[in-house]
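As a basis for the values below, the full set of heavy atoms in this structure was taken, side chains included, without hydrogen atoms, waters or symmetry mates. In what follows, every chain begins at residue 1, and chains take the letters A, B, ... in the order their sequences are listed. Remember, it's a predicted structure, so these values are computed and weren't measured experimentally.
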Number of protein chains: 2
Amino acid sequence: MVRRASHRQRRATYRRRARPRAFPPDHGPPEAGPVNSATHSGIREAIRDRIVAGEWKLGELIPGEVEFAEEYGCSRTTVNRALQALAEEGIVERKRKGGTRVRPLPARQAQVNIPILREQVEGGGQEYAHRVLRREQRKPPAALRERMRLGTDQRCAFLESLHLADGKAFAFERRWVNLETVPEFSDADLAETSANEWLVRTVPFSRGEVALSASVADERLAELFGTAAGEALFTMDRTTWFGDRSVTDITLVYKPGYRLNFEI
Amino acid sequence: MVRRASHRQRRATYRRRARPRAFPPDHGPPEAGPVNSATHSGIREAIRDRIVAGEWKLGELIPGEVEFAEEYGCSRTTVNRALQALAEEGIVERKRKGGTRVRPLPARQAQVNIPILREQVEGGGQEYAHRVLRREQRKPPAALRERMRLGTDQRCAFLESLHLADGKAFAFERRWVNLETVPEFSDADLAETSANEWLVRTVPFSRGEVALSASVADERLAELFGTAAGEALFTMDRTTWFGDRSVTDITLVYKPGYRLNFEI
DNA sequence: GAGTGGTCTAGACCACGGT
DNA sequence: CCGTGGTCTAGACCACTCA
């Protein structure tokens, strides 16, 4: 007998109103206490804990919104919100009529922050600086023309710069900027703000395609970083778009030993 | 005169009810049409588009929930939901009494999928296989004992395996498994399912700390991958936790030229 | 056809934080 | 103080999909 009183209709929502709304709503030590349990975030955590604890098997159906609403003494709306959040987290899968199931193979996805270099360096307590090594207008190579969807003969700004942490090389950057999308870039003063910061302020909210890889330090990079050639360097390639127009393409080579950390 | 009728009270919610609820709710070509605009997702996209189009400057205050509700002819609740979503996306910042602002420096964060290797390989249309090269119980080195918070003298399963795509080496894996957290692992049959899959099924919903880096191929790795030593290899280190107990620590070295792609 | 999730609404109360 | 976001609720209707 799994479903008690299964003949009860949808309107069963919000019976058993035993919840004591009496105690102080959200005060108390900021990082203690089981969070007021009648809120969507509280219910979300409660259900997540139950799933993690193994109360239901992988792929198994968990109770419906109405049932949870009764159990936690709240409205279906609130449970709905909690379960939707868990679905976004990748913990459960939901289907109309099909109900809500624990995800068969939990999604392994992570929020990765791609910090602006200045913040990354300063966040580590070091002083940030950058140096433009080269800046000119050039015809981009064919591969890049394709990747950035440029017309033939279209010129781009080409830029090489070095990002420094406490005066030492932190990352090397090679950048192309589509001057058709951002013509003002030609006159940008890159002494104070780096090209990246300039672009972020000028063309905010652009999309980007990112690729992470490993590359070998050639002579020049080795010299810039003050190591031997042949080191393995963590590398990030990024092409940025504003709408359907390319903005910039950048190759960022981090210093030897750099690691990108995040939680999953 | 920015705020028309500013004396109007909170209850102003839901005036100007001009919304035509008449047209077909959600049918039509799956990837066309401006989404029914009176839904929270529709409003969210509409507002996002306006922000992206530059209607408000970086850091500028955008209208409040009530105002948007009037404009879009929906309830404040719906606008609230849309704006909360935009805040999660990193597009806006919200503060009580402070109102909602366009984020001064847009957050550059991305959802990265860390696929299970099998899915990654099969997703590329290749045939997946794996081979266990070594499997034994060992005392882990001190650095690892600390990272996994192991007691002295605690033994772990140690595993080296190779993941193959169409018979060719795709990634090399070195793994430690905390047998105190997962004693059953000693008896796991790793012929069919890889250690990773076995663990994912047995200890789902574990947290993990991930670090991405670049490393140099030594003789052995070069031989496994069939290349020259000295190649740069994309490397992922991951320590996995179930509650406060470590589950496994893994170093995954991808074949030369591997790139991890995602969108931002 | 029927059950489950998806969503909206009007109204309400609260919490935070600038003035 | 008081305006703004944060959240909850009861009720309602719809859409999807499984049987």
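Remark: Gln84(B) is in phosphate contact with dG6(D), judged by side-chain N or O atoms under 4.0 Å from OP1 or OP2. Taking only side-chain nitrogens and oxygens, Thr100(A) never comes nearer than 4.0 Å to OP1 or OP2 of dT4(C). Between Thr77(B) and the phosphate of dT7(D), there is no side-chain N or O to OP1/OP2 separation shorter than 4.0 Å. For Arg96(B) and dG3(D), the shortest distance from a side-chain N or O to OP1 or OP2 is not below 4.0 Å.
A donor N or O paired with an acceptor N or O is found under 3.5 Å between the base of dT7(D) and the side-chain atoms of Arg76(B).
The nearest whole Å value for the distance from the CZ atom in Arg81(A) to the P atom in dC8(C) is 11 Å. Atom CZ of Arg101(B) and atom P of dG18(C) are 10 Å apart (whole Å). Here dT7(C) presents its C1' atom at 12 Å from CD1 of Ile43(B), a figure rounded to the nearest Å. When rounded to the nearest whole Å, the span between CG of Leu61(A) and P of dG5(C) equals 8 Å. Spacing between atom CG of Leu86(B) and atom C1' of dG5(D) amounts to 14 Å, rounded to whole angstrom units. Atom CD of Glu93(B) is separated from atom P of dG5(D) by 14 Å (rounded to the nearest Å). We find that NE2 of His40(A) is positioned 14 Å from C1' of dC14(C), with the value rounded to whole Å. In this structure, Glu67(A) atom CD and dG5(C) atom C1' are separated by 15 Å, rounded to whole Å.
Classification of Arg201(B) and Glu192(B) as a salt-bridged pair fails, no side-chain N sitting under 4.0 Å from a carboxylate O. No salt bridge links Glu209(B) with Arg147(B); every basic N to acidic carboxylate O contact stays at or beyond 4.0 Å.
Gly64(A) comes within 4.0 angstrom of the backbone, heavy atoms only, and of no base. Backbone-only contact: Gly99(B) has heavy atoms under 4.0 Å from sugar-phosphate atoms and none from a base.
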I'd like to know whether Val52(A) forms a side-chain contact (heavy atoms from CB on, under 4.5 Å) with Phe242(B), so could you lay out the CA-CA distance, the side-chain angles of the two residues, the decisive distance to 0.1 Å, and finally the verdict. CA-CA 9 Å; Val52(A) 167; Phe242(B) 183 70; 3.7 Å; yes

Between Trp198(B) and Asp189(B), does a side-chain contact (heavy atoms from CB on, under 4.5 Å) hold up when you go through it step by step? CA-CA 9 Å; Trp198(B) 189 93; Asp189(B) 175 15; over 6 Å; no

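The side chain of Lys97(A) lies closest to dT17(D), out of dT17(D), dG5(D), dG6(C). For Cys74(B), whose side chain is taken as the heavy atoms from C-beta onward, the closest listed nucleotide among dG6(C), dT9(C), dT7(D) is dT9(C).
His130(B) places no side-chain N or O within donor-acceptor distance of the main-chain N or O of Arg118(B), the cut-off being under 3.5 Å.
For the pair Thr78(A) and Lys95(B), both in contact range of DNA chain D, the more 5′-proximal nearest nucleotide belongs to Lys95(B).
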